[in-house]
*Asks:* 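The structure that follows is given in the form of structure tokens.
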Amino acid sequence: MKLCALTIAATVSLAGVCAAAPKPLAWPEPTQTMKPWVYNWWMGSAVDKAGLEFQCRELRDKGFGGFHVIPIYGAKGGYEKNWKPLLSPQWIEAWNLAAGLASYNGLGIDLTMGSGWCFGGPWIDKDHAASSGQKVKRAGLGGTGYMLDPFDPEAMKLHVAQFDKWFGKAAQSVTCEDLVRDDSTDEAADILVAARPRAFYHDSYEYYGAEPKKGQDVDESQLACFKVWTDWCRENGYLTRNEAHGAPSNWLDFYALADIPETEMFGKNDRDILISKFASSAAHVKGTKLVSAESCTWIDEHFCERPQEIKMFLDRLFLAGVNHVFYHGCCYSPVEAVWPGWCFYASVEMNPRNPIWREMGAMNKYVTRCQSLFQTWTPDNDIAVLWDPASFRAKHKGEVARMTVHARDWFYGEKIGEVAKELYDAGYAFDYISPRMVKAGLAKKYAELVDPERFEIPSRARRTPFDAKSGLLATRWKKDGETAYFVVNTGSVAKVVASKGTFTAADPLTGEIMAVREVALAPLHSRFLVGDGFEVKDCVAGGTNAFNLPGPWHVEPVCGGPALPAPRKLDALVGWETFDDAFSGTMLYKTTFDMLSVRPSSLSLGDVREIARVRLNGRDLGVKFMPPYDFAIPAGVLGEKGNVLEVEVTNLGANRLRWNDLNGVDWKYFSDINMVGLDYKPLDASKWKPLKSGLIGPVCME
């Protein structure tokens, strides 16, 4: 059960550290921004007070810092009467209600500047529309129309003017706090101004086929257009979040226009760290603090997303330099909607209807701990890698060729991709930099400037001991003279990080901070390490004196649906899908046992699908959502006779979704794209096989 045979002397408490040890590390007090945020899809903007109150309360209780409102297409089946046209007085009333409830619950709130994506709407005429003639994608009532010309500043002026009416200085926008009342927020109907979001947002650049006018420079015209937007936001006191990827212009300069550059990873195959480093590089070179990310978008079929996969996805974003994640996302739903409520077609379904929501607080604590350090430390990248898309453009002979996160030949087909991969795999810490940034003198903060066209191994840059060969990838940080690493085991076997001296190891999953001389990292696990002189070693399995808990097990439902199965006794552990292939929720497994002569110090649950919360003789041992499902047993908890082990296991929602479609439940009643699978074909979960669920084991102690 033990990962490695670490010596007892390898780990000591911080209280007993000698003077040569690194400075003690502590998790900062979390702020709104350090906590994860979430996309909040408003279908038809048909939100109401009860639904918003429930949503805000749930987000607060699960450790979220805020949400980002995106008005989109609507829900049908009688809900059409509640649709609210974007920027209408009714819509502003709903927005004000959401902003007030967000503030009351300690949450921040952002807003897409428009409906769906990209920028545009009924106020954009053909003369100011993108040359492709594309309409706004997935727009809702009041937001349909042409996408604006992304190379035309006059088009952008038309767009921001629509929001200036409500959110500009002349409108004297109220703050979210102004809308918080002890009695009722219904009075918002009398308010003729709009509450202020923290930031306005521009979604991923999908102006397909749009081209600058003849004689216009791609980079200059793109920046001139979007500078109208960022200037308006700053003049009116708002931050900007911008997804520049997909644009034909230099991403670095385009990202750098915004206060918060935002990247994205998508699905199973678009999780490229080197691509997402463009957003963080723009922030690092420019010197801005926050780098956000559209996170966990469509990583599997609906309600099939395993928590360990979510964690692995987030870690790749952290390795790319992201420090402000937005789950994609939480679709607003009225409380009375049939399960699983309103759903967005490309979402990870991070909402209160998802069974894993019950334990999402554990995942969010992990994210918060990570981001609390990322946002208070300084990136320690000493190489600037020059990126100029001129050679890529030359290959396309004047054609305005897009560069995306999905198709990456524009990057790996050029020298920049080859050099970036070689540097990253070798453990060098670097940012990308544009010619415009170099000209502005922003390369001076780096030890070396690397031109991929004349590449040589850097001589003044430091290699980290964490590289592709070791299976451990890392980002490097600094604060108060200390060097720190965020290290992730991306391999399939456990590794040990050791040093000749004592160093600090902080586990963002558990919050434990220890002074150590070596630490083991299981696959997919991570640590913050403060110190130097690190080396990576193979993990040597230790001996074991484990003994299995034979049962029997009493199993009964805690919560979930479509119906609660009857309690039962299991003589041997099996997945509960073998006796109820529809139930999605939480089951309680309980067994009683007597002690042998050995006094165990740890408990292993074996295979768990998917999240386990453990109590031993009434003592809460914590919650885990990824393997190894091992729990330390505190001294004095076990007795000689009648020990009681309780394990609450939460599964995924897939089996209940399958039951819905097998039984003709009417839950897919959304306009536009409605609900589709990863293949973009209509979703039919009735064809799925039941997913393994519950405590599979074996459960043992040692």
Side-chain angles (χ1 to χ4, degrees), residues 32-41 59 62-70 107-108 110 112 117 199 201-204 241-246 255 258 260-280 283 290-300 302-331 344-351 354 356-357 360-372 374-375 405-406 475 486 488 490 508-509 524 526 625-626 678:
Q32 276 185 355
T33 308
M34 291 173 182
K35 298 175 183 179
W37 288 39
V38 64
Y39 282 66
N40 190 208
W41 308 99
L59 290 172
K62 292 301 184 289
F64 285 85
F67 58 97
H68 162 199
V69 171
I70 310 176
L107 303 169
D110 286 358
T112 286
W117 62 93
Y201 174 74
H202 174 255
D203 210 326
S204 55
R241 287 172 40 222
N242 181 35
E243 291 194 341
H245 44 274
Y255 274 130
I260 309 174
E262 178 159 310
T263 185
E264 72 170 293
M265 292 183 181
F266 186 96
K268 293 181 178 293
N269 301 315
D270 297 331
R271 305 183 188 182
D272 195 300
I273 292 171
L274 297 182
I275 297 297
S276 285
K277 277 178 70 69
F278 276 88
S280 61
L290 296 177
V291 182
S292 57
E294 179 181 322
S295 310
C296 306
T297 308
W298 227 351
I299 62 176
D300 210 324
H302 294 279
F303 296 98
C304 293
E305 305 94 344
R306 302 186 71 186
Q308 61 179 308
E309 183 80 1
I310 294 173
K311 194 264 187 187
M312 181 172 66
F313 192 110
L314 295 174
D315 282 345
R316 293 192 70 81
L317 288 169
F318 291 154
L319 289 169
V322 169
N323 61 9
H324 186 24
V325 299
F326 284 72
Y327 293 110
H328 183 288
C330 172
C331 189
F344 181 65
Y345 77 97
S347 175
V348 75
E349 307 301 352
M350 190 59 68
N351 63 57
N354 194 328
I356 67 172
W357 183 264
M360 271 310 296
M363 179 78 74
N364 288 346
K365 285 179 181 177
Y366 171 77
V367 174
T368 300
R369 291 187 186 111
C370 289
Q371 295 190 157
S372 71
F374 295 149
Q375 291 179 22
V405 298
H406 312 299
T475 55
F486 172 69
V488 181
T490 61
L509 268 179
L524 308 184
S526 54
F625 52 78
M626 61 185 296
L678 291 172

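Quick note: numbers below take in every heavy atom, side chains included, and nothing from hydrogens, waters or symmetry partners. Position 1 is the first residue of the sequence, and the numbers go up from there.
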*Asks:* Does E243 reach the main-chain N or O of E264 with its side chain, forming a donor-acceptor pair under 3.5 Å?
*Replies:*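 No, the answer is negative, given that no donor and acceptor are paired below the 3.5 Å cut-off.
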*Asks:* When you compare the side chain of L290 with that of R241, does any pair of heavy atoms fall below 4.5 Å?
*Replies:* no
*Asks:* If we check ring-ring contact (aromatic ring centres under 6.0 Å, His included) with H328, which of these qualifies: F266, F313, W41?
*Replies:* W41
*Asks:* Less than 4.5 Å apart, side chain to side chain, heavy atoms only: is that true for S280 and V322?
*Replies:* no
*Asks:* Tell me, do T263 and F278 make a side-chain contact under 4.5 Å, heavy atoms counted?
*Replies:* no
*Asks:* Does the side chain of C296 come within less than 4.5 Å of E305's, by heavy atoms?
*Replies:*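 No, side chains not in contact.
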*Asks:* For P36 versus T368, what's the shortest heavy-atom pair and its separation?
*Replies:* CD-OG1, 3.5 Å
*Asks:* Could you walk me through whether S347 and Y39 pass the side chain to side chain donor-acceptor pair (under 3.5 Å) test, one step at a time?
*Replies:* CA-CA 9 Å; S347 175; Y39 282 66; over 6 Å; no
*Asks:* Under the 3.5 angstrom rule, does the side chain of W37 hit a backbone N or O of L107 as a donor-acceptor pair?
*Replies:*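 Absent.
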*Asks:* How long is the span from the CE atom in M350 to the NZ atom in K62, to the nearest 0.5 Å?
*Replies:*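 Here the interatomic distance stands at 12.0 Å.
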*Asks:* Any sub-3.5 Å donor-acceptor pair from N323's side-chain atoms to Q371's backbone N or O?
*Replies:* no
*Asks:* Side chains of D203 and T112: closer than 4.5 Å at any heavy-atom pair?
*Replies:* no
*Asks:* Between L59 and N40, is any pair of side-chain heavy atoms under 4.5 Å apart?
*Replies:*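 Contact flag for L59/N40 side chains = no.
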*Asks:* Please confirm whether Y366 and F625 have ring centers closer than 6.0 angstrom.
*Replies:* no
*Asks:* Do T33 and H324 have side chains that get closer than 4.5 Å, going by heavy atoms?
*Replies:* yes
*Asks:* Answer yes or no: is there a donor N or O on one side and an acceptor on the other, between the side chain of K365 and the main chain of G63, under 3.5 Å?
*Replies:*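 Such a contact is absent between K365 side chain and G63 backbone.
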*Asks:* Classify the ring geometry between W357 and F64 as parallel (under 30°), tilted (30 to 60°) or perpendicular (over 60°).
*Replies:*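 If you compare the ring of W357 with that of F64, the planes turn out parallel.
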